[in-house]
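Have a look at the structure below before the remarks.
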Amino acid sequence: MSAHESLTASSRPLLILIAAVLVCYAVALALGLPQQGAERKTSPAQESVEAPEHAVPSGHPPYWMITPFAALLLAIAVFPLLPRIAIWWESNLHKLYVAIGLGVATLLYYLLLHDQPVIQHWPVEHAVQPGEGLFQLAVAAAVLENAILSEYLPFIVLLLTLYTISGGLRIDCNFAAHPGTNASFMAAGAILANLIGTTGAAMVLIRPLLETNRERKRVAHTVLFFIFIVCNCGGCLLPIGDPPLFLGYLRGVPFLWTLRLWPAWLLVNGTLVAVYYVVDRWWFYPRETARDLAVDEVRTHRMRIAGIWPNAPLLLGVPLAIMFLDPAKPLPGTDWHPWTFLREIVELSLVALSLLLGDPATRRQNRFNYHAISEVAALFLGIFICMQAPLQILHVRGPSLGLSQPAHFFWATGSLSAVLDNAPTYVVFLETARSLGGSENMVAGVRETLLAAVSLGAVFMGAMTYIGNGPNFMVKAIAEKSGVAMPSFFAYLLCSVVVLTPLFALVTIVFLQ
C-alpha cells in the first residue's frame, strides 16, 4: 500500500463519520429539532417560565463522590510508571475502558443514590428534580447531558478541528537548535495562540520545533516550556485563545476586554521565555555532545510553508464559527439565532474540507496521525463525566469558601483548573464572583478586578498538569511519538510547581492586590 493510500485509509473512517453526522443533522433540521433547541435557549418566555428553577440546589453529592474523578487522575499519573501495566496502558482503547468504567460508576450514583435536584445546562439551564421511584433516570440523564452535550462534544469537536486542519499545514524548517531559536518559537506561539487558539498554535508549531531539535538529545525541557507558554499562558488576550475566556464571552464579557490583561500576559510569557533561554543556554545546551551540535549546525534549511491552501483559510474559519454561531446570540446585524450545534457542524465540515482538498503528502511529512487526539478523546470522556460531582460540590460550596479578594479568586480558580477542566471551573468562579455584586468597575456583572483574577487563574494554571488544558496532552503525545522522553505526570507537576508557582506569586503581588 502506498503512503498516499495509507493516509487516505486512515482518514476514511473520520470522513465517513462526519458524513453520517451531517446527514443526521440534516434530518434533524427537517424535523425542526436544532431550531427548537436554539429557540429554547433564547426565548424570553422560556426564561421567564424556568427562572424560579435556576436557584442553586442546596444539596450536593457526598464528598466521597470525588473518588471516581480522583481515581481517573491517579490512573493517568501512575499507570505509565508501573512496568506491568504501562504497556497495557499505551493502548487508547484501554484508556477508554478505564475512562468509561469510572464514568459509569459516577452515573450509577446519580441513577441510584442522588436525592437532590441538579441543574441541567442543555439545551437551556433548568433544575431537574429527583423522582419518586428507585431509579432517578431524569437526574442521571441530566448529568450525562451536561457532561456530553453541553461540555464534551463542543470541547472535543473544537480540538479535533484545530488538530486535523493544523495537521495539514506544515512549517518545514530545520534551523540550528540554538537556545535563541527555540525561545523565538515560543514567543511566536504566545502571540499566535490568541489568533487561532492555544490548540491551533500548538499543533502548527510543535512539529517544526521538534524537527529543529532532532539532533539534540536534551529536548524534554523545551517541550515543557512550550506547553507552559504556547498551550496555556500565551492564550489570554482574546476569547478565542482559550476555552474559559470563550465561555466568559458567551456570558457577556466584551470580546476585546481580555486585551486589558496584556501586562500580566507580557510578564508571564516574557519571563518564561527568558527563563527558558537562560536554562537552555547555560545548562542543557552545553551538555549536548560536540558531535550532535556539529551535526545540528550542518543539517539546516530555510523555512518552507506547505499546505497554506486550503488549511490556512479553514483554520481562520474556526474562530469565526466560534464567534458568530452561538445559539444564544443573534447573528450580527440580524434577528436570527444559529441553530443548536450548528457551530460544531461547521467545524466538522471544515475538517472534511481540509482532508478532501489538502495535499496528503504534507500530512505524511508531518507524520500526522490521530493517536494524540484519540488519547485526549478517550481520557476526557471520562474526565468530563467524573468531574460532574466535584463541580456540583464546588458550585454549592463555592460561595461559602470565603473568597472576596482578587488573589483568592486567582488561586482558587487556578488550583482547580490544574486538575479539573479549566472551562467549567472558570464558569463556577465567575458566577461566584458575580454573586458578590458591586457598583464600580463592573464588567458583565462582575467586579473587573475579580474577573481578571478568574480569567488569569483559569488560563495560566491550566499549565500546571498534563490534563489542565487539552493541548497539553496532545503535545506530550506528539513529542513522545517523535522519540522525546517526556516526564511522568508527577515529574511534570514538580517541574511546573518549581517554575510556575513563583511566577504566579509575582502576578499576585503585581496585579491582584
With F228 via ring pair (Phe, Tyr, Trp, His ring centres under 6.0 Å) - residues at least two apart: F225, Y492
N/O donor-acceptor pair under 3.5 Å between D335 side chain and P330 backbone: no
Polar contact flag, side-chain donor to acceptor under 3.5 angstrom, Y370-S11: yes
Steps toward side chain to side chain contact (heavy atoms under 4.5 Å, CB included) verdict (L456, F410): CA-CA 7 Å; L456 293 174; F410 175 73; 3.9 Å; yes
Exercise: do D242 and N232 side chains pair donor with acceptor under 3.5 Å: no
Test ring pair (Phe, Tyr, Trp, His ring centres under 6.0 Å) applied to F324 - qualifying residues, sequence neighbours left out: none
Qualifying residues under side-chain contact (heavy atoms from CB on, under 4.5 Å), relative to P61, sequence neighbours excluded: M65, Y109, Y110, H114, A389, Q392, I393
Check: V499 and L272 side chains under 4.5 Å, non-hydrogen atoms: yes
Residues in salt bridge (charged side-chain N to carboxylate O under 4.0 Å, His left out) contact with E480, at least two apart in sequence or another chain: K476
For F490, ring pair (Phe, Tyr, Trp, His ring centres under 6.0 Å) partners two or more places apart: none
Q388-E151 side chain donor-acceptor pair, cut-off 3.5 Å: yes
N/O donor-acceptor pair under 3.5 Å between T161 side chain and V157 backbone: yes
Sub-4.5 Å side-chain heavy-atom contact between P244 and N422: yes
I18 and its side-chain contact (heavy atoms from CB on, under 4.5 Å) partner, picked from V21, L22, I16: L22
Heavy-atom side-chain proximity of V204 to I196 below 4.5 angstrom: yes
Atom CH2 of W262 with >12 non-hydrogen neighbours under 6.0 angstrom: no
Geometric class of the Y466/F473 ring pair [parallel <30°, tilted 30-60°, perpendicular >60°]: tilted
S91 backbone acceptor or donor facing H94 side chain under 3.5 Å: no
CG-CG distance between L108 and L113, expressed to the nearest 0.5 angstrom: 9.0 Å
Between E448 and W257, a side-chain donor and acceptor under 3.5 Å: yes
Those residues that, when tested against E90, pass salt bridge (charged side-chain N to carboxylate O under 4.0 Å, His left out) (two or more places apart): none
Aromatic contact, F380 with Y152 (centres under 6.0 Å): no
Pair F341 + Y25: ring centers closer than 6.0 Å: no
Check: E125/Q120 side-chain N/O donor and acceptor closer than 3.5 Å: no
